[in-house]
J.: 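Dumping the structure here so I can ask a few things about it.
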Amino acid sequence: MVDDPERRRVEELLDKVTHGQVSEAEREELALYSERDPDLEQVIAERGREGALGQGWLERVTADHEIQRVEAAPRARIERGVGLAFFAAGVGVSLVAPVTGTVALLVGLGILLLSFLRIRLQTARRDPYKDIQR
């Protein structure tokens with residue numbers, strides 16, 4: 001098998017197209033190669049679609065990690081812990097003092113709800129699935 005530098009260069013350019021790193025000059029170089037090989041135009045288009053799909057996937061994974069980071073932040077864990085503590089205390093105290101227990105229960109539910117809403121509002125802009133119709 002002969003090592004063809006031209007074919008190697010075309011493969012390098014196709015890899016750049018797939019990764020979205022191709023410059024305008026390299027696009028022109030690929031266009032020159034595709035003039036000589038008509039099948040190359042289809043390969044270039046296919047690689048471009050693969051690159052767009054991969055980039056979209058990477059953006060979604062990055063957004064997912066950001067959302068997970070916000071949901072696992074110390075502030076969110078503390079809010080959930082305090083809310084659950086008030087809720088549990090409210091359930092327990094309501095057996096002895098119904099009014100105080102109910103107030104503690106409602107305070108716990110309020111803290112949990114506010115924490116949930118704060119996290120949802122904070123991550124809504126970066127949610128990669130917000131445009132998906134079910």
Side-chain angles (χ1 to χ4, degrees):
M1 184 171 163
V2 177
D3 188 27
D4 185 8
E6 186 174 297
R7 187 69 200 159
R8 206 176 20 198
R9 177 63 179 156
V10 169
E11 284 300 321
E12 287 175 18
L13 293 172
L14 288 174
D15 286 342
K16 285 187 174 190
V17 168
T18 302
H19 295 100
Q21 300 170 338
V22 66
S23 68
E24 192 59 38
E26 290 168 331
R27 283 192 190 281
E28 290 175 10
E29 186 178 352
L30 263 175
L32 292 173
Y33 286 124
S34 67
E35 286 176 1
R36 286 187 269 158
D37 184 5
D39 295 335
L40 185 59
E41 192 65 38
Q42 183 179 2
V43 173
I44 293 169
E46 187 176 302
R47 290 286 190 99
R49 285 190 300 274
E50 288 174 11
L53 179 64
Q55 185 62 34
W57 175 81
L58 182 61
E59 289 171 4
R60 284 179 183 246
V61 167
T62 303
D64 280 344
H65 287 170
E66 180 64 24
I67 290 170
Q68 288 173 352
R69 185 190 63 76
V70 169
E71 289 176 345
R75 178 180 176 183
R77 288 194 323 234
I78 290 170
E79 288 172 348
R80 286 191 298 261
V82 169
L84 288 173
F86 267 101
F87 183 82
V91 170
V93 172
S94 67
L95 299 173
V96 178
V99 175
T100 306
T102 303
V103 170
L105 189 121
L106 292 175
V107 167
L109 283 175
I111 291 171
L112 290 172
L113 180 65
L114 289 174
S115 176
F116 175 79
L117 290 175
R118 182 187 62 79
I119 290 171
R120 290 296 160 244
L121 290 173
Q122 188 175 357
T123 59
R125 291 185 312 272
R126 294 177 283 227
D127 186 1
Y129 306 106
K130 67 182 174 211
D131 297 330
I132 295 176
Q133 299 294 322
R134 296 179 198 259

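Numbering of residues begins at 1 and proceeds along the displayed sequence.
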J.: Taking atom CG of L84 and atom CD of E79, what is their separation to the nearest 0.5 Å?
T.: 11.5 Å

J.: Give, for atom OG of S23 and atom NZ of K16, the distance between the pair rounded to the nearest 0.5 Å.
T.: 6.5 Å

J.: Which atom pair, heavy atoms only, marks the closest approach of P98 to T102?
T.: O-OG1, 2.6 Å

J.: For a side-chain hydrogen bond (donor to acceptor under 3.5 Å, both in side chains) with E11, tell me which candidate from R7, R9, R8 qualifies.
T.: R7

J.: Please round to the nearest 0.5 Å and tell me the distance separating atom CG of L14 and atom CD of E46.
T.: 10.0 Å

J.: Taking the side chain as C-beta and beyond, is there a heavy-atom pair between R80 and I119 under 4.5 Å?
T.: yes

J.: Working to the nearest 0.5 Å, report the span between CZ of R27 and CD of E29.
T.: 12.5 Å

J.: Using 0.5 Å steps for rounding, measure from the OG atom of S115 to the CZ atom of R77.
T.: 12.0 Å

J.: Taking atom CG of L113 and atom CG of L106, what is their separation to the nearest 0.5 Å?
T.: 11.5 Å

J.: Please go through I78's hydrophobic cluster and name the other residues, only I, L, V, M, F, W, Y counting, with side-chain heavy atoms under 4.5 Å joining them.
T.: V82, F86, V103, V107, I111

J.: Is L105 reachable from V93 through a run of hydrophobic residues whose side-chain heavy atoms are each under 4.5 Å from the next?
T.: no

J.: Evaluate the side-chain proximity of D15 to R47: yes if any heavy-atom separation is below 4.5 Å, no if none is.
T.: yes

